[in-house]
Amino acid sequence: RVARGRLQKSLKRIARRHQEAPNMDARISLRHSAYLGLIALQLLSGGCSETPAEHGIALALEEITVALEERQSGAVMAHLHENFHSNGPRGGMDRKQVHKVLLATFYRHQNISVAVTNLQVQPDAMNKDRADATFNVFTTGGSGGLLPNTGQIYRVTSQWQKLDTWPGNGDWQLLSLNAKRALDGS
């Protein structure tokens, strides 16, 4: 119930932000609202068949997505484990480097959009507080116009850690991440 409440609050915030955008065409706004409704329905209806790891990681990814789109670096950083590390097109990064990249990205792009698809979670057989997740991420960024200036698709493999002491009731934090651009084979 708590997770559904968080998800509903996040979706309402996204919908409100899209309705308040001054330059957005009504058809696009309606399309975004319908898309958000489908996402909410899919996430809420799939709760019975998910494992706790799948549900927790999907919720964490949704919160990270909302935080990125709202340009809230602190909210993104709250989902990164203290020992976080990543490998990707820009090389390896730790938490501090990720924070710098976030700030630079938020400075460069007024509008950021993130879509996560094909989430597959594999709980660790030996440690119930760890899980691996793979998913696709489609990102766009722009300066406020109707069309984005940049876009990229990534294939992501990640490892997650469940923390019972973290605020909440056993939230999942991102421990490691490896992102590869999906279209150039790197």
Side-chain angles (χ1 to χ4, degrees), residues 6-44 57-80 84-120 133-158 160 173-174 176-186:
R6 285 185 197 169
L7 177 61
Q8 289 171 345
K9 184 188 280 186
S10 296
L11 290 173
K12 285 179 185 177
R13 193 174 5 179
I14 293 169
R16 190 176 333 112
R17 190 182 74 209
H18 283 288
Q19 290 171 352
E20 294 171 355
N23 296 331
M24 187 168 283
D25 183 50
R27 290 177 299 185
I28 294 172
S29 181
L30 180 61
R31 194 176 305 145
H32 284 302
S33 297
Y35 178 67
L36 291 174
L38 288 173
I39 290 173
L41 184 61
Q42 180 183 13
L43 289 173
L44 294 175
I57 291 171
L59 180 60
L61 281 171
E62 178 62 29
E63 291 172 355
I64 291 169
T65 299
V66 169
L68 286 168
E69 291 179 343
E70 292 182 356
R71 301 163 39 114
Q72 297 176 348
S73 62
V76 174
M77 298 304 293
H79 288 284
L80 301 185
F84 173 83
H85 64 278
S86 74
N87 294 308
R90 296 183 177 180
M93 291 190 287
D94 61 13
R95 278 180 56 90
K96 189 174 183 179
Q97 292 164 323
V98 167
H99 190 248
K100 288 179 182 179
V101 169
L102 282 174
L103 294 177
T105 302
F106 295 159
Y107 179 76
R108 184 175 176 197
H109 300 288
Q110 181 181 351
N111 294 334
I112 297 172
S113 179
V114 181
V116 176
T117 63
N118 298 332
L119 174 63
Q120 298 174 344
T134 57
F135 48 94
N136 297 326
V137 177
F138 177 64
T139 62
T140 60
S143 58
L146 183 58
L147 296 175
N149 297 1
T150 63
Q152 192 60 250
I153 300 173
Y154 296 95
R155 182 66 182 157
V156 178
T157 57
S158 60
W160 295 76
Q173 283 190 319
L174 189 54
S176 69
L177 179 121
N178 186 8
K180 295 184 179 185
R181 290 189 176 122
L183 300 179
D184 67 8
S186 63

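Any value given below was found using the heavy atoms of this structure, including those in side chains, with hydrogens, waters and symmetry copies removed. For clarity, every value in this text was computed on a predicted model and none was experimentally measured.
- Pairing each heavy atom of Leu80 with each of Gln173, the nearest pair is O-NE2, 3.7 Å.
- Nearest heavy atoms, Phe106 versus Leu68: CE2-O, 3.7 Å.
- Using a 4.5 Å heavy-atom threshold, the side chains of Leu102 and Val76 count as touching.
- Note that the CG atom of Leu174 and the CD1 atom of Ile57 stand 9.0 Å from one another [nearest 0.5 Å].
- Rounded to the nearest 0.5 angstrom, Met77 CE and Lys96 NZ are separated by 11.0 Å.
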Subject >> Pair His85-Asp94, side-chain contact (heavy atoms from CB on, under 4.5 Å): steps then yes or no >> reply: CA-CA 5 Å; His85 64 278; Asp94 61 13; 5.6 Å; no

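- Side-chain contact between Ser113 and Phe138: absent, with no pair of heavy atoms (C-beta onward) separated by less than 4.5 Å.
- Across Ala60 and His79, no two heavy atoms sit closer than the pair CB-ND1, 4.1 Å.
- Nearest heavy atom pair, residue Ala179 against residue Tyr154, reads CB-CD2, 4.3 Å.
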**OP:** Test Thr150 against Thr140 for side-chain contact (heavy atoms from CB on, under 4.5 Å), laying out the working first.
**Re:** CA-CA 5 Å; Thr150 63; Thr140 60; 5.8 Å; no

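- Applying the side-chain contact (heavy atoms from CB on, under 4.5 Å) criterion to Arg155, with sequence neighbours excluded, gives Asn118, Gln120, Thr134, Asn136.
- The CZ atom of Phe135 sits 8.5 Å away from the OG1 atom of Thr157 when rounded to the nearest 0.5 Å.
- Here Lys180 contributes atom NZ and Asn87 contributes atom CG; the two are 9.5 Å apart, rounded to the nearest 0.5 Å.
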